[in-house]
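To start, the structure itself, in structure tokens.
These numbers come from a predicted model, not from an experiment.
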Amino acid sequence: MCGIAAIVSHQPVNQELYDALTVLQHRGQDAAGIVTCEHGRLHLRKENGLTRDVFTNIQMLKLRGNMGIAHVRYPTAGCTSSAEAQPFYVNSPFGLTLAHNGNLTNTEELKKALFIEDQRHLNTDSDSEVLLNIFAHELQSLGKIHLSVADVFDAVAGVHRRCKGAYAVVIMIAGFGILGFRDPNGIRPLIFGERKTDGQSEFMIASESVALDVLGFSVLRDVQPGEAVFIEQSGMLHTQQCTSTVDHCPCIFEYVYFARPDSIIDNISVHKARLRMGEKLAAKILRVWPDHDIDVVIPIPDTSRTAALQMAYLLGVKFREGFIKNRYIGRTFIMPGQKMREKSVRQKLNAIGLEFEGKNVMLVDDSIVRGTTSEQIIQMARDAGAKKVYFASAAPPVRYPNVYGIDMPAAHELIAHNRTEDEVCEEITADRLIYQDLDDLIEAVRKGNPTIKHFDTSCFSKEYITGDVDDAYLDRIEMLRNDSAQTARNTQSCIIEMQNNN
């Protein structure tokens, strides 16, 4: 999962793009980048690290121009090398830079076509660079010396014909404007808004509405699946549907975990969706465990707090904050490498003993993915004096890989894969485990926007909306993207970077 932003303004955009990345930092903590355009010249800064660490005052001053795009990276494909930080750049045609959220599912096929047919060079293993070169080739194949907005939309249509998977994209064309588009299933979110400054319109595109809110942009609407939005450098807005095959299927995990609670995605309030998840959990507990002996409900910060609060209220049980979070430790789920995730749990959370001592505690988390974090937190609760430790997940069992931009690539790394709920309960050492039912999760999210007929629930159901994911594909990405493989690639990348620096 990554965060992307783009602004076309009548004033310098460097500070506002930086501010947008800090708001979207929850979507990626591996790398950050900003590129701006001034009189047709591009100014780029990108590097591994948090936004606050990547950009110094001197570097910010160099990011001159009134339009630009920005990216925070969470690696799902490729590796964590700084070479794969975004935005990516190609000089031909016209000078293009791209920031991408999502994951292509036909990357290998596209790489071959780019080399053999399009004769374009790729310098990284990133599918985002593939996507940029596909767009570049489609634009170049039009044979135009002077671009029109129609040409840009034609190139997007070409991308839709060739690319499969999840992609929310912003592309800056030097000296011309900024483009945003979304895959025909709308798996990853993208939204745009407008702000009036001295009577002139300025526009912003971002992964989540909260980025627009913070910078004073009024939301116009979500970019629709298959649609493209183009903003000329002068501030003129254009939109066009670029494919006739659309099947809106947003990722339900955005609402469970990734998105900020103050965001609205596809007209669904993330906060209200999580409240309804808590209601569904409470109803299930009352249905399957009417004589429960829960003394207190304690959320595992931060994402589960909303669901836990509503669950406690409906159960008539006390809600308490039992864990204090060190906010200078990153989100463990999106940390590359299992050892790093395990090490960070105790550094990130500390239990308040008074809230646990002698009590039957119901811990609530947004989901259980690998299970290691859950097991450690349960042990922390026991160490703090809890009599019994129950565990509730606002999401159903995560049994299958996600191939659309979430780091769940290897089935054997998922604790619920090939295990019953009772076996998962035993693995994480809980006294009782309650999972959300999938139908309840879907209903909790869909209630915010009944026009959405279905969601991407592939990590729960093994139903892949793009139709090109089978067991052979899953086996292949497991070999490429499990923790061991990523560690080996990252080690090699570090060696290469050290050699280059020396």
Side-chain angles (χ1 to χ4, degrees), residues 3-25 27 32-45 51-52 55 57-72 87 95-99 101 147-149 152-153 168-182 189-224 227-240 260 262-265 267:
I4 60 177
I7 298 176
V8 176
S9 180
H10 301 287
Q11 55 195 345
V13 297
N14 52 352
Q15 183 63 53
E16 291 196 320
L17 286 171
Y18 176 94
D19 293 341
L21 291 188
T22 62
V23 173
L24 297 172
Q25 189 76 80
R27 299 187 67 87
I34 295 175
V35 60
T36 58
C37 184
E38 178 193 39
H39 307 306
R41 177 163 292 185
L42 300 175
H43 305 286
L44 171 65
R45 167 63 180 170
T51 301
R52 68 186 182 213
F55 302 98
N57 288 338
I58 293 175
Q59 290 157 351
M60 288 293 291
L61 290 172
K62 293 178 181 178
L63 295 171
R64 300 182 298 273
N66 294 350
M67 70 174 182
I69 65 175
H71 185 270
V72 284
L96 306 174
T97 56
L98 167 145
N101 174 32
L147 275 181
S148 69
V149 175
V152 175
F153 289 148
V169 179
V170 288
I171 294 176
M172 182 164 62
I173 305 174
F176 190 35
I178 284 178
L179 168 71
F181 60 93
R182 201 172 174 196
L190 198 64
I191 194 166
F192 67 104
E194 181 181 13
R195 180 180 67 190
K196 294 284 187 178
T197 302
D198 297 327
Q200 295 181 300
S201 290
E202 300 172 318
F203 293 93
M204 180 175 182
I205 307 170
S207 294
E208 294 185 33
S209 63
V210 65
L212 278 66
D213 297 340
V214 167
L215 294 177
F217 286 81
S218 299
V219 171
L220 292 175
R221 59 180 176 82
D222 295 279
V223 178
Q224 296 302 303
E227 184 186 30
V229 173
F230 186 75
I231 306 142
E232 294 185 63
Q233 189 170 258
S234 62
M236 184 70 68
L237 173 69
H238 308 268
T239 65
Q240 183 172 305
R260 274 181 45 153
D262 45 347
S263 283
I264 297 175
I265 296 176
N267 292 320

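When all heavy atoms of Ile34 and Ala70 are compared, the closest pair comes out as CG1-CB, 3.8 Å. In plain terms, the two heavy atoms of Leu24 and Ile4 that are nearest each other are CD1-O, 3.5 Å. In plain terms, the two heavy atoms of Ala32 and Val72 that are nearest each other are CB-CG1, 4.2 Å. Minimum heavy-atom separation, Ser209 to Ile264: OG-N, 2.8 Å. The two residues Val35 and Met172 come nearest to each other via the heavy atoms O-CE, 3.7 Å. Closest non-hydrogen pair, Asp262 versus Arg260, comes out as OD2-NH2, 2.6 Å.
Residue-environment remark: CZ (Arg221) exceeds the threshold of 12 foreign heavy atoms within 6.0 Å.
Between Asp19 and Val214, the closest side-chain pair of non-hydrogen atoms is not below 4.5 Å. In this structure, Pro87 and Leu98 have side chains that are not in contact, with every pair of non-hydrogen atoms separated by 4.5 Å or more. Residues Met204 and Arg195 are not in side-chain contact: their nearest non-hydrogen atoms beyond the backbone lie 4.5 Å or more apart. In this structure, the side chains of Ile173 and Leu147 come closer than 4.5 Å at one or more pairs of heavy atoms. In this structure, Phe192 and Leu237 have side chains that are in contact, with non-hydrogen atoms separated by less than 4.5 Å. Considering only heavy atoms from C-beta on, Pro189 comes within 4.5 Å of Asn101 through its side chain. Within the 4.5 Å cutoff, the side chain of Ile171 has no heavy atoms near those of the Val152 side chain. The shortest side-chain heavy-atom distance between Leu63 and Phe55 falls under the 4.5 Å cut-off.
A distance of 11.0 Å separates CG in Leu44 from CD in Gln59, rounded to the nearest 0.5 Å. If you take OG on Ser9 and CD1 on Ile178, they are separated by 10.5 Å, rounding to the nearest 0.5 Å. Annotation: the span from Gln240 atom CD to Phe181 atom CZ amounts to 13.5 Å, rounded to 0.5 Å. The SG atom of Cys37 sits 11.5 Å away from the CZ atom of Arg64 when rounded to the nearest 0.5 Å. Residue Ile7 holds its CD1 atom at 12.5 Å from CE of Met67, rounded to the nearest 0.5 Å. In this structure, the separation between NE2 on His71 and CG on Leu17 is 13.5 Å, given to the nearest 0.5 Å.
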**Asked** Which is it for Asp213 and Val219 under the side-chain contact (heavy atoms from CB on, under 4.5 Å) test, yes or no, and what are the steps along the way?
**Response** CA-CA 8 Å; Asp213 297 340; Val219 171; 4.3 Å; yes
**Item:** Stepwise side-chain contact (heavy atoms from CB on, under 4.5 Å) test for Tyr18 and Thr51
**Value:** CA-CA 7 Å; Tyr18 176 94; Thr51 301; 3.6 Å; yes
**Request:** Please step through side-chain contact (heavy atoms from CB on, under 4.5 Å) for the pair Asp222 and Arg182, ending with a clear verdict.
**Result:** CA-CA 10 Å; Asp222 295 279; Arg182 201 172 174 196; 4.2 Å; yes
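Side-chain contact of His10 with Glu202: a donor-acceptor pair under 3.5 Å is absent, judged by distance alone.
Judged as a ring-ring contact (aromatic ring centres under 6.0 Å, His included), and not counting sequence neighbours, the contacts of Phe230 are Phe176.
Listed by first and then second residue, the salt bridge (charged side-chain N to carboxylate O under 4.0 Å, His left out) pairs involving residues 169-179 amount to none (not counting sequence neighbours).
Between the side chain of Thr239 and the backbone N or O of Val229 there is no donor-acceptor pair closer than 3.5 Å.
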